[in-house]
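Computation of the quantities below employed the complete heavy-atom set of this structure, encompassing side-chain atoms and omitting hydrogens, waters and symmetry-equivalent molecules. Start at 1 and go down the list; that is how both ligands and their atoms are numbered. For reference, positions follow the sequence shown, starting with 1.
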Amino acid sequence: MKCFQLLPLLLVMLLVATTLGAVLGRSSQVTNTSRVRCLEKERRALLDIKDELVDRYEKLSSWDNEESKRDCCEWRGIECHNRTNRVTQLDLSFDNLQGKISTSLLELHHLRYLDLSFNDFEHAPIPEFIGSLNKLRHLNLANANFYGPIPRQLGNLSKLLYFDIFWNECYSENLDWIISLDSLEHLSLSSTNLSKATNWLEAVSKLTSIKELDLSDVALPEITLSLLPKINGSSPLAILDLSSNSYPSIMTLIRWFSNFSSTGLTSINLGGNNMAGPIPNFFKNMMSLEYLDLSQSDIQGGIPRYFGNLSSLTSLNMYESNLTGDFFELIMNLSGPVQKKIKYLGLSENNLSGFFPNMSRFSSLIHLQLERNQLSGSIQKGYLRLRHLVFLALSSNRFTGPIPDLSFSSSLGFLHLDNNMFNGTLTHTIGRLSQLRVLDLSFNSFLEVKFTPYWYPTFQLGTLILRQCKLGNYFPTWIRTQKEIEHIDISNTGISDVLPGWFVRISPRLIYLNASNNQMYGVSTLRDSLLPHSRLRATTLDISRNKISASVNFLCYVKEWGLLDLSDNLFSGQIPDCFANFQWLRFLNLANNHLSGEIPHSVGSMSALTLLHLRNNSLLGGLPTSMRNCTGLEMIDVGDNRLTGKIPDWIGDSFPKLRVLILRSNAFYGSMPSNLCRLAKLQILDISSNKISGVIPKCLQDFIAMTTYLSSDLFSNPWSELLVPSNFTWQMPYIKSFQSAYFMWKGKEVKYTNHLGLVKLIDFSNNSLVGGIPSGVTKLVGLVGLNISANNLIGHIPLDIGQLKSLNFLDFSRNHLDGGVPTSLGDLSHLGVLDLSYNNLSGRIPLNSQGLTFPESVYVGNAGLCGVPLNKSCPGDESYQDPNSRVGGSNVTNEGESEDDSFITEEFYITLGLGFVVGFWGILGTILFNKRFRYTFFKQLATIGDLVFVRIELNKARLERHFQNW
Ligand SMILES: *[C@@H]1O[C@H](CO)[C@@H](O)[C@H](O)[C@H]1NC(C)=O
Ligand SMILES: *[C@@H]1O[C@H](CO)[C@@H](O)[C@H](O)[C@H]1NC(C)=O
Ligand SMILES: *[C@@H]1O[C@H](CO)[C@@H](O)[C@H](O)[C@H]1NC(C)=O
Ligand SMILES: *[C@@H]1O[C@H](CO)[C@@H](O)[C@H](O)[C@H]1NC(C)=O
């Protein structure tokens with residue numbers, strides 16, 4: 001009894017003591033400098049270490065010489081020994097540091113714990129001297145941008161318990177060095193290239209303390225059955241990851257490891273090894289198995305019945321595993337003890353069909369992923385009665401009916417129901433999900449998401465994606481309650497209202513706002529409200545494709561946005577000279593509006609600009625000289641304006657990265673400056689429909705990018721800082737639309753989006769060019785389109801024109817070209833449209849190798865031409881050609897009419913048999929959709945939120961480097 005009475009008193013005393021302690025502690029920090037624990041030598045060493053690092057986020061601000069900060073044991077990331085005061089721990093993980101590791105690290109002899117993970121050591125090798133820190137027990141170098149061999153010296157760290165170098169670009173050709181790490185309990189070599197380390201299993205078999213082994217994505221060399229090492233001692237191995245090795249007989253390995261483990265494996269990851277055939281009985285008796293990943297396999301026969309009895313299984317991941325048939329039947333095979341046990345079930349990207357079964361019997365389920373299957377029908381009430389559910393993804397199926405009732409899942413944080421056919425009206429009950437962070441209902445075209453302005457949901461979302469849902473006419477003002485939101489997409493939702501000023505500063509964390517493709521007609525109080533609060537430099541505002549008729553003077557109040565898209569509206573008036581605020585802007589799109597006046601001088605302040613779209617306005621004047629400052633430009637599209645003046649000769653010297661230059665349909669005059677040819681990366685040059693005179697520069701072959709078949713989709717990624725971690729797919733097409741261009745293709749204006757990076761095109765048509773066609777043009781073998789029609793060109797068509805093997809569109813019409821039609825034209829087997837009409841060509845029209853030719857219209861207006869298909873036989877021909885008989889090639893011109901922007905596809909290049917590079921997005925895509933990445937994304941989002949962005953930023957540099965190495 002006494003104890004119970006004392007308890008409250010004790011608690012109060014404790015509280016007073018701690019508060020007092022805290023107060024005293026704080027004051028003593030300022031006044032009392034006498035009790036400095038850390039050794040001077042070690043303090044200096046730490047400052048040396050800091051000196052070699054760039055600390056952009058000031059994570060190491062406590063590491064300082066200031067009097068009040070003298071005790072290095074108090075510094076961030078440092079721990080000292082209680083008695084000796086030696087530094088025993090150095091933890092710089094997730095500090096976003098960049099630079100080198102100083103050798104002063106060696107002064108810290110007593111270091112037991114070293115964590116350098118999630119920083120950027122700039123592709124440097126792992127320092128060998130780390131191998132001298134022989135007291136180390138914990139060494140984490142994960143995702144730190146190290147490169148090269150893992151130093152064998154690390155084998156000297158005989159006390160090491162934990163070693164992780166996950167996600168660097170390292171390799172090891174021989175794993176002998178790990179044998180001496182005989183205390184090692186945790187080893188992750190993930191993403192290290194071990195393809196030459198044929199002794200890897202022999203070495204691993206010596207790790208008798210190992211509990212957790214991660215050899216995912218290491219290109220494991222295959223070991224033949226007879227050479228598998230004998231198992232002498234055993235180990236307490238419990239967690240094994242062999243995923244992403246494309247290892248041919250992965251089951252052989254797993255059998256070996258299962259014998260090696262004395263305790264039994266609890267976690268097995270075999271995903272990404274293309275495991276084929278039925279799931280073997282091997283797992284049948286693994287009653288301690290908790291985690292199993294068989295993703296990216298070619299499983300036949302589905303999930304065996306015995307899985308229902310795996311009574312410890314909490315996590316089963318089988319995405320992209322060729323699971324087919326009725327989902328209900330699959331679920332039946334999981335009935336048994338596992339039903340109550342399983343928490344994570346991942347079955348996305350399979351071919352499961354049928355209706356959604358009652359999942360409520362899986363009462364422990366936390367995480368359910370079924371995206372990209374063929375599930376259909378509506379989800380019955382009660383079928384998702386899952387009390388613990390946190391993550392639900394049913395995206396990209398064929399579900400219909402109302403959004404399922406989730407009111408029972410009060411912990412739900414992530415809801416991805418996009419790309420289905422849900423219909424009806426989203427009810428208010430969704431607002432009771434107070435933990436919801438991500439809500440994606442996009443691409444449910446019949447789903448109404450309409451709430452009154454007074455609706456006050458209990459959640460605070462980070463991501464709200466309602467693209468292509470029905471939001472109704474009025475702006476969804478309830479969104480104003482979302483004070484922490486980072487990404488909003490309400491594009492294409494039928495809103496026909498004024499864009500409220502508060503929208504763009506709704507939350508201090510906003511980095512992505514897309515309200516494009518609606519019928520919004522005005523903006524309210526956009527003046528000083530357009531400042532994003534976020535410091536991320538890729539903050540995006542997209543209100544394109546609306547009907548906003550306002551002036552763009554509000555740009556003068558805009559600052560710090562990274563991407564601004566106001567295109568396809570009714571904006572009018574002059575562009576204000578206010579770009580001085582736009583140092584961070586990388587993408588500016590004002591195309592397809594009614595803007596007038598000159599391009600302002602301050603455009604030159606946008607030093608980060610890569611894509612500039614001003615087409616189809618009424619802009620006057622010339623290109624301002626200040627534009628030379630925008631040296632990072634990769635695309636300039638000022639077509640369809642009233643610009644005039646000469647094409648400035650500084651263009652050739654100012655934009656080393658320029659890939660697309662479109663000056664079409666303006667009033668530029670004078671001759672083409674010859675240093676235009678210095679734009680070695682240029683792949684689209686369109687100066688058509690101007691008043692350009694003079695000759696075509698002889699240096700055309702200096703357009704290096706056009707002289708190669710190789711292509712890449714690479715434009716700088718303006719989004720590298722704001723990738724959305726949880727479910728990236730929705731914004732992929734959107735990103736691409738930033739990188740689109742308009743140009744004339746076979747007589748029709750097309751908007752190119754999908755494979756712009758692959759288009760190589762020259763269009764000089766409709767000018768007053770004189771002289772001949774420079775012979776260098778036939779060096780531009782990458783060209784898919786060449787149009788020089790409607791000029792005053794003379795001379796012959798180059799005889800070797802047939803070298804332009806990729807050409808799909810060739811127009812030389814309406815010039816004064818003479819001579820014959822070169823036979824080599826017949827080599828252009830991909831030519832869809834050819835036009836040589838209205839010149840002075842003469843002689844017999846050659847047949848191609850199949851004995852075919854193009855239709856008559858290709859050749860008309862050339863008095864001297866004769867032979868098929870013209871209604872005119874050549875001198876010496878015996879028979880008269882029937883004018884109506886079309887010979888071959890007749891369907892090719894029609895092709896032009898049905899073309900869309902998909903004609904240049906990867907397949908196109910592949911059918912050409914040419915080199916082809918997918919490019920940045922390809923790589924990024926692969927990595928994003930790679931299982932590991934997704935998994936870590938999710939994990940991080942759930943735990944450390946913002947760091948995801950930081951991490952992406954770091955890796956961007958690496959990805960780009962990777963690309964450049966190709
Ligand atoms: C050192 O301090 C830590 C926590 O501050 C404590 O847990 C540990 O027992 C101490 N060790 C010694 C030897 O005093
Ligand atoms: C997938 O499974 C089906 C039937 O279970 C089988 O016919 C097919 O070959 C498997 N593999 C792939 C890649 O579809
Ligand atoms: C939803 O779609 C289903 C079938 O596709 C249809 O029967 C039902 O009437 C629709 N409901 C609403 C509210 O539109
Ligand atoms: C362009 O750069 C020059 C030199 O760096 C600078 O003096 C000038 O102010 C810049 N122009 C603009 C418009 O920013």
*What residue pairs, at least two apart or across chains, pass side chain to side chain donor-acceptor pair (under 3.5 Å) with a residue in residues 350-359?*
N351-Q374, N358-S360
*Would you say the side chains of D418 and S395 form a donor-acceptor pair under 3.5 Å?*
yes
*Specify whether the nearest protein heavy atom to atom 4 (C) of ligand 3 is under 4.0 angstrom away.*
no
*Among T425, L447, N423, which one has a heavy atom closest to atom 10 (C) of ligand 3?*
N423
Atom pairs and distances, side-chain donor-acceptor, residues 378-392, under 3.5 Å, sequence neighbours left out:
residue : atom : partner : partner atom : Å
K381    : NZ   : D405    : OD2          : 3.4

*Can you find a side-chain donor-acceptor pair between N397 and N373 that sits under 3.5 Å?*
no
*Can you pull out the closest protein heavy atom to atom 13 (C) of ligand 3? Residue, atom name and distance to 0.1 Å, please.*
G424 CA, 3.8 Å
_Is atom 7 (O) of ligand 3 near the protein, in the sense that some protein heavy atom lies at less than 4.0 Å from it?_
no
